[in-house]
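Written out below as structure tokens is the structure these notes cover.
Note: hydrogens, waters and symmetry copies are ignored here, and every other heavy atom, side chains too, is used.
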Amino acid sequence: AKKRFGGTPNYMIQWSKLAHYMNGRWTAMPVSAYSPLIQYAKKNDVDYIVYEIMVDYQGYRRLRNSYYPDLQFAGAFESDKMPYYVVFFKLKK
């Protein structure tokens with residue numbers, strides 16, 4: 001993420017070690033429905049919403065190919081060593 005997105009963006013992600021390695025600020029992702037989550041992200045000046053997925057390849061493909069009105073697909077990571085995926089969405093301001 002730090003090479004792809006540069007600077008020090010604000011990432012919203014559930015609690016994960018990944019937040020430490022992304023070279024940016026971290027905002028904890030609340031457990032909520034879509035609309036309150038987006039409102040919270042905008043209130044906290046989030047740049048990217050990040051989903052970390054382990055094991056569930058079909059869930060990863062669905063998430064990556066879904067349309068969300070407030071989000072723009074920004075990139076993804078797929079491990080070639082284990083079933084681990086990360087999807088980045090840029091929050092539309």
Side-chain angles (χ1 to χ4, degrees):
K2 65 183 178 179
K3 289 180 183 177
R4 180 175 184 126
F5 303 121
T8 53
N10 185 359
Y11 298 100
M12 187 164 77
I13 187 172
Q14 293 177 341
W15 176 247
S16 166
K17 292 184 235 177
L18 180 62
H20 173 74
Y21 296 101
M22 294 190 344
N23 195 43
R25 295 175 293 140
W26 172 61
T27 298
M29 183 183 292
V31 177
S32 72
Y34 178 78
S35 291
L37 184 135
I38 294 300
Q39 290 172 357
Y40 181 81
K42 289 181 177 180
K43 178 180 147 192
N44 286 280
D45 200 30
V46 166
D47 298 302
Y48 295 94
I49 295 178
V50 182
Y51 291 95
E52 184 177 37
I53 303 161
M54 293 171 235
V55 180
D56 185 8
Y57 180 75
Q58 294 304 320
Y60 159 71
R61 297 301 293 174
R62 274 192 307 276
L63 179 65
R64 182 179 172 161
N65 295 319
S66 295
Y67 170 76
Y68 300 97
D70 300 286
L71 302 175
Q72 177 182 349
F73 177 76
F77 168 79
E78 297 182 35
S79 172
D80 58 354
K81 296 183 176 21
M82 59 189 289
Y84 176 77
Y85 317 95
V86 182
V87 181
F88 295 85
F89 289 100
K90 181 150 183 67
L91 182 65
K92 296 177 185 174
K93 306 276 177 154

Across all chains, not counting sequence neighbours, the side-chain hydrogen bond (donor to acceptor under 3.5 Å, both in side chains) partners of Y40 are none
- So do K92 and P69 actually touch side chain to side chain, heavy atoms under 4.5 Å? no
(message) Between Y11 and L18, is the side chain to side chain contact (heavy atoms under 4.5 Å, CB included) condition met? List the steps.
(response) CA-CA 10 Å; Y11 298 100; L18 180 62; over 6 Å; no
Applying side-chain contact (heavy atoms from CB on, under 4.5 Å) to S79 and not counting sequence neighbours gives F77, K81, M82, Y84
Check your understanding: Is it true that atom CD of Q14 has more than 12 heavy atoms of other residues, nucleotides or ligands lying nearer than 6.0 Å?
Key -> no
So salt bridge (charged side-chain N to carboxylate O under 4.0 Å, His left out) across residues 68-77, not counting sequence neighbours, yields K42-D70
Rounded to the nearest 0.5 Å, the CG atom of L91 sits from the OH atom of Y48 at a distance of 10.5 Å
message = Hydrophobic clusters here meaning ILVMFWY residues chained together by side-chain heavy-atom distances under 4.5 Å, can you tell me if M54 and W15 are in one?
response = yes
With sequence neighbours left out, the residues meeting side-chain hydrogen bond (donor to acceptor under 3.5 Å, both in side chains) with S32 are none
- Message: Please evaluate residues M29 and V50 with respect to the criterion side chain to side chain contact (heavy atoms under 4.5 Å, CB included), reporting the C-alpha separation (whole Å), side-chain torsions for both, the decisive distance (0.1 Å), and the verdict.
- Response: CA-CA 9 Å; M29 183 183 292; V50 182; 6.0 Å; no
Rounded to the nearest 0.5 angstrom, the CD1-CZ distance for I49 and F88 is 12.5 Å
In this structure, CD1 of I53 is separated from OH of Y85 (nearest 0.5 Å) by 9.0 Å
The side-chain hydrogen bond (donor to acceptor under 3.5 Å, both in side chains) partners of N44 (sequence neighbours excluded) come to none
Contacts of Q39 meeting side-chain contact (heavy atoms from CB on, under 4.5 Å) (sequence neighbours excluded), chain-then-number -> none
| field | Main-chain N/O of I13 paired to W26 side chain as donor or acceptor, under 3.5 Å | value | yes
Residues passing the side-chain contact (heavy atoms from CB on, under 4.5 Å) test with K93, sequence neighbours excluded, are D45, D47
Distance col, row I38:CD1 vs K43:NZ, nearest 0.5 angstrom, shows 14.5 Å
Any non-hydrogen side-chain atom of R25 less than 4.5 Å from a side-chain atom of V46?
no
Those residues at least two apart in sequence (or on a different chain) that pass side-chain hydrogen bond (donor to acceptor under 3.5 Å, both in side chains) with Y68 are none
